[in-house]
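These numbers come from a predicted model, not from an experiment. Quick note on labels: first sequence line is chain A, next is B, and so on, each numbered from 1.
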Number of protein chains: 2
Amino acid sequence: MIRRGKRTGYEIKQLVDVSVRFFWAASYGQIYPELRRLEEQGLIEGEPTEAADGRQRRPYRLTPAGEEALDRWLLSPAQTGFELRDEGMLKLFFSDGMSPEERVALVARMRTRHEEVSTHLRSIEPVARETGGGPYATLRYGLAFHDFCASWLAGLETELEEELAGRS
Amino acid sequence: MIRRGKRTGYEIKQLVDVSVRFFWAASYGQIYPELRRLEEQGLIEGEPTEAADGRQRRPYRLTPAGEEALDRWLLSPAQTGFELRDEGMLKLFFSDGMSPEERVALVARMRTRHEEVSTHLRSIEPVARETGGGPYATLRYGLAFHDFCASWLAGLETELEEELAGRS
DNA sequence: CTTTGCATGTAAACCGTTACATGATTTT
DNA sequence: AAAATCATGTAACGGTTTACATGCAAAG
């Protein structure tokens, strides 16, 4: 984020919340201590707190060592971490004791959630399109991803409703 | 898992690793202390350590309070947690400094990962089909999910390769 | 003049993984 | 006899969230 020009902890948090948060969230409790650690490691450098414009803010910039470390990470072919935690899926897995109606309701809730994210991402789309590059690719991926989940769950819903109708 | 008949910490871990682990992983470091906590709360009861069959094992079963608590969770309409951590996506987001070749390689690695999970899930499919119900629904979902990711990324790869060819 | 937003940060709690320790049994 | 598997567990570490504390500036 610092390389992209967002330079204070606050700005980083802002940008994270409208961009990467759907696949990599972050909180102030992580960001500020991490900035300090990165500075101790010589990867970033903080300019002295500016109060000139009235507001106190502490912008950071990458050191050459920081640029290098960032590139090393970007190019590292190591198995990239992928982790999903989906409570709805857990409930679905253990849903055998539920009534068919309850199961349909659960799947509907899961679908709605994905639809909401999709709607939100769609509203950002025009802005991201102009940026292009990595950020736009990830946004399109996120959009396609949540649309897929929503429509798959809609299909499961229909399936469960038909079972329900067939038995009554 | 206990309700489903897996009753010792070891058995629970085994089952988690072949079922829910793709959307909800767990380690011994979580499972054994959690069993103790659940027992303190009166939601499960451990039978005395059996050494009868030679092997020491401590099976648990749900108490009535535990059954109730489990049902309350299953039916709770509260917003279900959904969290994704995808390091590949992060790299893609920040990939603007990469060469086109490097970017293609990154996307290919991400695709391969999803293909591997898909292959693995497909090998379990026949077993899960007979079980049916919740577990089979989640397996089908997981399979469709990873297939979707793999094919979307394959599309992005093609797109990036065409750009590459167009520029050379 | 009150609320919202900018801006920085910390402490406690919580969650989870990794690595280790132990020992019996079954398989090779 | 060695290696793998069954089986239970803990300690240290690391990552993350939540809630709090502080204070100034801009907008209503």
Side-chain angles (χ1 to χ4, degrees), chain A residues 1-2 5-18 20-41 43-61 73 78-87 89-90, chain B residues 1-2 5-41 44-61 73 78-87 89-90:
Chain A
M1 293 303 190
I2 292 171
K6 298 299 167 184
R7 318 217 326 277
T8 72
Y10 191 80
E11 281 174 328
I12 291 168
K13 169 73 168 147
Q14 299 287 100
L15 186 52
V16 164
D17 280 348
V18 296
V20 297
R21 87 159 139 139
F22 294 106
F23 51 89
W24 204 281
S27 64
Y28 288 124
Q30 277 175 273
I31 291 169
Y32 285 112
E34 187 62 35
L35 287 171
R36 194 160 32 76
R37 279 191 292 267
L38 288 171
E39 190 167 31
E40 277 162 22
Q41 287 170 42
L43 302 177
I44 61 175
E45 256 172 15
E47 290 159 39
T49 305
E50 287 171 13
D53 57 328
R55 282 236 162 78
Q56 67 156 179
R57 49 203 304 285
R58 183 153 160 75
Y60 290 87
R61 53 190 161 70
W73 171 70
Q79 46 156 20
T80 52
F82 181 89
E83 219 193 293
L84 183 62
R85 289 249 146 176
D86 188 339
E87 198 183 340
M89 287 264 280
L90 253 201
Chain B
M1 292 303 189
I2 292 171
K6 298 300 165 183
R7 320 219 320 277
T8 72
Y10 191 80
E11 282 174 328
I12 290 169
K13 168 74 168 145
Q14 298 286 101
L15 186 51
V16 164
D17 280 348
V18 297
S19 59
V20 297
R21 84 160 142 141
F22 294 105
F23 52 89
W24 204 282
S27 64
Y28 288 125
Q30 278 174 275
I31 292 170
Y32 284 112
E34 188 61 37
L35 287 171
R36 193 160 31 78
R37 278 191 293 268
L38 288 171
E39 190 168 30
E40 277 161 22
Q41 287 169 42
I44 60 176
E45 256 172 14
E47 291 158 39
T49 305
E50 287 171 11
D53 57 329
R55 282 238 161 77
Q56 66 155 183
R57 48 202 305 284
R58 182 154 160 77
Y60 289 86
R61 54 189 160 70
W73 170 71
Q79 46 157 18
T80 52
F82 181 89
E83 218 192 294
L84 183 61
R85 290 247 146 177
D86 188 339
E87 196 182 341
M89 288 265 279
L90 251 200

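Note on the helix from dC1(C)-dG28(D) to dT28(C)-dA1(D): terminal axis deviation equals 30°, with five pairs used at each end and the result rounded to 10°.
With sequence neighbours left out, the side-chain contact (heavy atoms from CB on, under 4.5 Å) criterion links I44(A) to I2(A), L35(A), L38(A), E39(A), Y60(A), L62(A). Annotation: side chain to side chain donor-acceptor pair (under 3.5 Å) contacts of R85(B) (sequence neighbours excluded): none. With sequence neighbours left out, the salt bridge (charged side-chain N to carboxylate O under 4.0 Å, His left out) criterion links E11(A) to R57(A). For E83(A), there are no side chain to side chain donor-acceptor pair (under 3.5 Å) partners at least two apart in sequence or on another chain. Residues forming a side-chain contact (heavy atoms from CB on, under 4.5 Å) with F22(A) (at least two apart in sequence, or on another chain): V117(A), H120(A), L121(A). Here Q41(A) pairs with nothing under the side chain to side chain donor-acceptor pair (under 3.5 Å) rule; sequence neighbours left out.
Not one N or O on the side chain of R61(B) forms a donor-acceptor pair closer than 3.5 Å with the backbone of G46(B).
In this structure, Y60(B) places its OH atom 12 Å from C1' of dA7(D), rounding to the nearest Å. I31(B) has its CD1 atom 14 Å from the P atom of dA7(D), to the nearest Å. For E34(A) and dG14(D), the CD to P distance is 12 Å, given to the nearest whole Å. The separation between Q56(A) atom CD and dC24(D) atom C1' is 8 Å, rounded to whole Å. One interatomic measurement links the two molecules: CZ of R58(A) to P of dC24(D), which rounds to 20 Å at whole-angstrom precision.
Close to dC24(D), at under 4.0 Å from its OP1 or OP2, lies no side-chain N or O of R57(A).
Listed by first and then second residue, the salt bridge (Lys or Arg N to Asp or Glu O under 4.0 Å) pairs that reach into residues 24-35 of chain B are E34(B)-R37(B), sequence neighbours excluded. Evaluation of the side chain to side chain donor-acceptor pair (under 3.5 Å) test over residues 14-32 of chain B, restricted to residues two or more places apart or in two chains, returns K13(B)-D17(B).
Within residues 10-19 of chain B, no residue has any heavy atom closer than 4.0 Å to DNA chain C.
We find the CH2-OG1 distance between W73(A) and T80(A) to be 9.5 Å, quoted to the nearest 0.5 Å.
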Could you list the protein-to-nucleotides 16-18 of chain D atom pairs, N/O on both sides, closer than 3.5 Å?
{"residue": "dT16(D)", "atom": "OP1", "partner": "R85(B)", "partner atom": "NH1", "Å": "2.6"}
{"residue": "dT16(D)", "atom": "OP2", "partner": "Q30(A)", "partner atom": "NE2", "Å": "2.9"}
{"residue": "dT17(D)", "atom": "OP2", "partner": "S27(A)", "partner atom": "OG", "Å": "3.4"}
{"residue": "dT17(D)", "atom": "OP2", "partner": "Q30(A)", "partner atom": "OE1", "Å": "2.6"}

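Of all heavy-atom pairs between E47(B) and R58(B), the closest is O-NH1, 2.6 Å.
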